[in-house]
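Nothing here was measured: the structure is a model prediction, and the numbers come from that model. Here, residue 1 is the first one in the sequence, and each next residue gets the next number.
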Amino acid sequence: MSETAQFVIEDFTAGFLSGWYFNNTKSSESSSFQIEINGKVIGTGEANLFRQDLKEAGFTDGCHAFRVFIDDKITQYGELSIRLCSDTGDKIAGNSFVFERLKPVFEMDLKFTDSFNLIFNTYADQAYSNLRIQLNAGNEIVYFQPFSISEGNSQVSVSIPTELLDGIERLYTIGLEGSSNALWQGHAKFSPILTPREHLKNPHKTSRLISDCAQSSFRYESLKLWFDENLDLPTLNNIHKAHNVLCEGWSDRNEYPKITLPKFDKPIVSIIIPAYNKFELTYHCIASLILAFNKTPFEVILADDCSTDETEEAENYIENLVVSRNKKNLMFLRNCNKAAEICQGEYLLFLNNDTEVTSCWLDELIDIISSNDNCGLVGSKLLNEDGSLQEAGGIVWASCTPWNVGNGENPNKPEYNYVRHADYLSGASLCIRKDIWEQVEGFSDYLAPAYFEDTDIAFKVREAGYSTLYVPSSEVFHFEGMTNGRDLNSGVKKNQVVNFKKFAQRWSSTVRYNGQQGIENLQIEKDRKIQKRILVLDYTAPDPNRDAGSYAAIQEIKLMQSLGFKVTFATDNLAHLGDLTIKLQKMGVEVLYAPFYISIDYMLSKRLKEMDAVYITRYYVAQSFVDRIKSLQPSIPILFNNADLHFLRELRAAKSDEELTKALKTRGDELDICKKVDAILCYNSTEHAVITSHILEQRNFHITPWVLESKKTGPSFDEREGIAFLGGYGHQPNVEAVEYLVDKIMPLLQSSRPDIKLYVYGSKMPKSFSDYECENIEMVGFAENLDDVFHKHRVFVAPLLSGSGIKGKVLEAMAYQVPCVLTDVAAEGTGLSNGISCYIANTPEEWNKNIIDLYDNPKIWNDFSQGEKQIVKEQYSQENGLKKFSEIFSSVGVYTSDLRDI
């Protein structure tokens, strides 16, 4: 125990741990520490806050207090004990703080913010009164607010003090006085100006007000992305001019400086903007097209329907604009159909003139529609002017009534941020393949002059056999009502009522099973073209570029989706992991994350009831979930994918009594999970046998299918050189393999065949590997593309001495048809056979002989390559994967059909 450091924990409320920590070896320096709950390190902190009483007590300058937010999502309910230890893990003298982590008495879900308040939807199983909410801003307690809550669903407001109405974004945390739990945590900012922007005098020129609108962060992002490009001065000046136009806004605009649209010889997308007067809106919209960073080539067609304002001469203000001008007023629908006739693009994109687009909005739409041959139509996430959600795709109920999904909600909520099938996509930003547009004959004339044409064409596209997808990563502000107003009894808007009846007459039989309208049904009914729902849990979001396990996780999710599952994914710490999370969402996976799901228990209590099964990867993740899942839903099947048998890997690698003891502890934990779940999935039969030998009972065992994607044909035998190894070096067996290659194998090859060079690839490569480089060894590092590994080199080597599961690197070599030399451990579960489809070597001498034999003999090389091809076809195809996964789910009573057959 350290004699030079001491601490006192004084309080744990609303998720914040407070007290003081003094390490006199560091004198007046702030001291960092680790936080343990029941012996498990769950966070870190730093003692650097000033307290007068500490200074008076002689603790140097008194800057040794702390107040640290603890992410306690992985801790269970009940009595828990907190201690501090030094940043090196040493124990520190101090108190053990015991507290009770209670189940929340009610739930809070942020609905929206107004000028002064955070507005929450709440749910409580009974009414509560005389409660006090603790509001924290950053690390500081702002104030306590008395409030009461009604039984069932209700709404409460948490007020923000005027000193925080300064336009600065802060992290707010809300807790209940007397409870350790944080009820909600998230970022928000509140403006110091309440006057509507249209009533401000030159807000774009007034200090700080230029960024006081929901569009400003998107504009900044586009500027940043453009400035990263190597642009010429005229282009930069044009972008600058467009940015000024957007900052000035459209209200009261009477000057139109000339702006220039980009010119492409072969536009991929034709953006059609229908307009009847309101040129100030059209001009603003086109300026946003210029500013918004996108790489997709496009043209803009202004469909002018006999305007009488500046729209008549739009070409004089906007260079490179294509205009479709009508001789008589055709109204909205026929105006769009006519403009589509002159489009050059492969895709038609209908964009309202009362919109402002954002960076990559177009790229995201085209990425989704072009990567799926079955996709015919896509639409953007629409945002209101204040940044709240206007529409996340549309739903049409059994009554034929259309709803904007998520209207008025927080646009960042997980429920609205994954690609999904939608009943319709709003015509405010709607993209369709041109060939399908022609096939379904455009917008239906029976709906002329306007309204319901976007809903109707989505139904026609699906009737033709194509999907209609909502793309949340494409974000567009829609200033709704600016063109045609909101009055359903006058003007063009009255056609909304008339066309509803026409639409219902045509499509009522199609929507008869679409559910009864109601906000309580929306979150379930909004997911179309699914048969079942599954919750997938892992320790992190998969990154296929990092490790083979992540590749496998992605393929398993795709198999579930192909079988008709809606996949909902969460990590055990509920973290949003940036690009990795977004990639899952673009696959159509709903990802749950904080602050919308503040704890594991909250997430399970809120979402588990809708699930048909749970799929958990890795035993230490299952430890956080299994008991709680079974207590909430005893009958729900849990499928456990062990990824690899951790204790078997640890036993194989153990070199000391301490490592052996750790492996035995892992064995107990891992086998305990195996006894609690409904199906056990392993990547090879060896692990099944090991598990069975320990638990001495037959369980529901399955081999987890592994799908290998097809690869383009690589160079011939004579066009390749060298041998290659690939691994992620956060995984110790891969480090050991490189060390074995360098110490045992390459010296022999250097003596017998110095011309054979080893190339080592992989992520997280230790700095010490650079010491291994020599005449016949090159440490290449991370490979952006696996083609660089498997198309350049003649032989793949994997001298793995420990490990378990199946080796993704070996399977990738098989997919690329690159012959391998392997150890028994590396070949385990792959289907490869020594002397038939690979060489297996377990001594340095065997390695030397087999590498040379395979490297020099084109006949053996080609025989092994063809052997790999046959194994991949038989064991690692998508068809085989779907068949196996269907059997796995059937074994726990969950039945689906391959969506491709529906």
Provide the full list of salt bridge (charged side-chain N to carboxylate O under 4.0 Å, His left out) pairs with a residue in residues 611-630, sequence neighbours left out, each pair given once. Asp538-Arg618, Asp601-Arg628, Asp627-Lys676, Lys630-Asp678

Between Asn417 and Pro411, the two heavy atoms sitting closest are ND2-O, 2.8 Å

Under the side-chain hydrogen bond (donor to acceptor under 3.5 Å, both in side chains) test, residues paired with Tyr593 that sit two or more places apart: none

By side chain to side chain contact (heavy atoms under 4.5 Å, CB included), Asn404 pairs with (sequence neighbours left out) Glu391, Asn407, Tyr424

Listing request: all salt bridge (charged side-chain N to carboxylate O under 4.0 Å, His left out) pairs with a residue in residues 114-126, at least two apart in sequence or in separate chains. none

Taking every non-hydrogen atom, the tightest pair across Thr173 and Ala14: CG2-O, 3.8 Å

Should Pro402 and Asp423 count as side-chain neighbours, where that means a heavy-atom distance under 4.5 Å? no

Can you spot which of Asp11, Leu17, Leu49 makes a side chain to side chain contact (heavy atoms under 4.5 Å, CB included) with Arg67? Leu49

Under 4.5 Å between any side-chain heavy atoms of Phe22 and Thr60, yes or no? yes

I'd like to know if the side chain of Asn573 reaches the main chain of Ala575, judged simply by a donor and an acceptor atom lying under 3.5 Å from each other, with no hydrogens or angles considered. yes

CG of Asn23 to OG of Ser32: how many Å apart, nearest 0.5 Å? 9.0 Å

Checking Asn384 against Asp386: is there a side-chain donor and acceptor pair closer than 3.5 Å? no

Show me the pairs that pass ring pair (Phe, Tyr, Trp, His ring centres under 6.0 Å) and involve residues 145-188, at least two apart or across chains. Phe106-Phe147, Phe120-Trp184

Without swapping roles, check the side chain of Arg83 against the backbone of Ile92 for a donor-acceptor pair under 3.5 Å. yes

Do the side-chain N and O atoms of Gln134 and Thr13 include a donor-acceptor pair separated by under 3.5 angstrom? no

Taking the side chain as every heavy atom from C-beta outward, state whether Val614 and Phe625 have any pair of such atoms under 4.5 Å apart. no

Pair listing, salt bridge (charged side-chain N to carboxylate O under 4.0 Å, His left out) test, anchored in residues 142-164, at least two apart: none

Heavy atoms, side chains only, cut-off 4.5 Å: are Glu385 and Glu480 in contact? no

Heavy-atom side-chain contact between Ile160 and Leu135 under 4.5 Å: yes

Just wondering, do Phe99 and Ser180 contact through their side chains at under 4.5 Å, heavy atoms? yes

Quick one: are Met587 and Val419 in side-chain contact, heavy atoms under 4.5 Å? no

Scanning both residues in full, the closest heavy-atom pair of Pro542 with Leu584 reads CD-CD1, 3.9 Å

Going from CZ on Arg420 to NZ on Lys529, what distance comes out if it is rounded to the nearest 0.5 angstrom? 15.0 Å

Please identify each residue that fulfils side-chain hydrogen bond (donor to acceptor under 3.5 Å, both in side chains) with Gln34, with sequence neighbours left out. none

Of the non-hydrogen atoms in Thr113 and Leu118, which two are nearest, and what is the gap between them? CG2-CD2, 3.6 Å

Any ring pair (Phe, Tyr, Trp, His ring centres under 6.0 Å) pairs touching residues 391-420, not counting sequence neighbours? Trp397-Trp403

Which heavy atom of Ser148 sits nearest a heavy atom of Asn130, and at what distance? OG-N, 3.7 Å

Let's go through Ile395 and Arg528 carefully: what are the C-alpha distance in whole Å and the side-chain angles of both, what is the deciding distance for side-chain contact (heavy atoms from CB on, under 4.5 Å) to 0.1 Å, and is it a yes or a no? CA-CA 9 Å; Ile395 188 171; Arg528 300 302 193 196; 3.4 Å; yes

Are the side chain of Asn95 and the backbone N or O of Ile9 linked by a donor-acceptor pair below 3.5 Å? yes

Flag for Ser474-Ser380: side-chain donor and acceptor within less than 3.5 Å: yes

Set out, in order, the CA-CA distance, both residues' side-chain angles and the distance that settles side-chain contact (heavy atoms from CB on, under 4.5 Å) for Gln145 and Ser159, then state yes or no. CA-CA 8 Å; Gln145 174 181 316; Ser159 301; 4.0 Å; yes

Looking at Glu520, I'd like to know if its CD atom is crowded, meaning that more than 12 non-hydrogen atoms belonging to other residues, nucleotides or ligands lie closer than 6.0 Å. yes

Neighbour count >12 (heavy atoms, 6.0 Å) for atom OH, Tyr143: yes

Would you call Lys91 and Glu36 a salt bridge, using N to O less than 4.0 angstrom? yes

So do the side chains of Glu415 and Val405 get within less than 4.5 Å of each other, counting heavy atoms only? no

Nearest heavy-atom contact between Phe16 and Gly138 is CZ-O, 3.5 Å

So, taking the atom named NE2 in His421 and the one named NZ in Lys526, what distance separates them when rounded to the nearest 0.5 Å? 13.5 Å

Can you tell me how far OG of Ser150 sits from CD of Gln155, rounded to the nearest 0.5 angstrom? 11.5 Å

What residues form a side chain to side chain contact (heavy atoms under 4.5 Å, CB included) with Ala622, not counting sequence neighbours? Ile616, Val626, Phe640, Ile673

With sequence neighbours left out, write down each residue that passes salt bridge (charged side-chain N to carboxylate O under 4.0 Å, His left out) with Lys381, or none if nothing qualifies. Glu475

Using 0.5 Å steps for rounding, measure from the OH atom of Tyr602 to the CZ atom of Phe596. 10.5 Å

In sequence, state the C-alpha distance, the side-chain angles, and the governing distance for Ser18 and Glu10, and then conclude on side-chain hydrogen bond (donor to acceptor under 3.5 Å, both in side chains). CA-CA 6 Å; Ser18 57; Glu10 298 172 328; 5.2 Å; no

Results of side chain to side chain contact (heavy atoms under 4.5 Å, CB included) for Ser157 - residues two or more places apart only: Asn117, Ile119

Could you tell me which residues satisfy side chain to side chain contact (heavy atoms under 4.5 Å, CB included) with Ala570, sequence neighbours excluded, listed by chain and number? Leu537, Leu574, Leu592, Met603

Step by step, work out the side-chain contact (heavy atoms from CB on, under 4.5 Å) result for Glu177 and Leu131. CA-CA 8 Å; Glu177 185 181 32; Leu131 299 175; over 6 Å; no

Before you tell me yes or no, could you show the steps for Asp669 and Tyr620 under side-chain contact (heavy atoms from CB on, under 4.5 Å), namely the whole-Å CA-CA distance, both residues' side-chain angles and the distance that decides it to 0.1 Å? CA-CA 8 Å; Asp669 292 342; Tyr620 50 85; over 6 Å; no

Roughly how far, to the nearest 0.5 Å, is the CD atom of Gln390 from the CZ atom of Phe477? 10.5 Å

Ile524 backbone acceptor or donor facing Arg533 side chain under 3.5 Å: yes

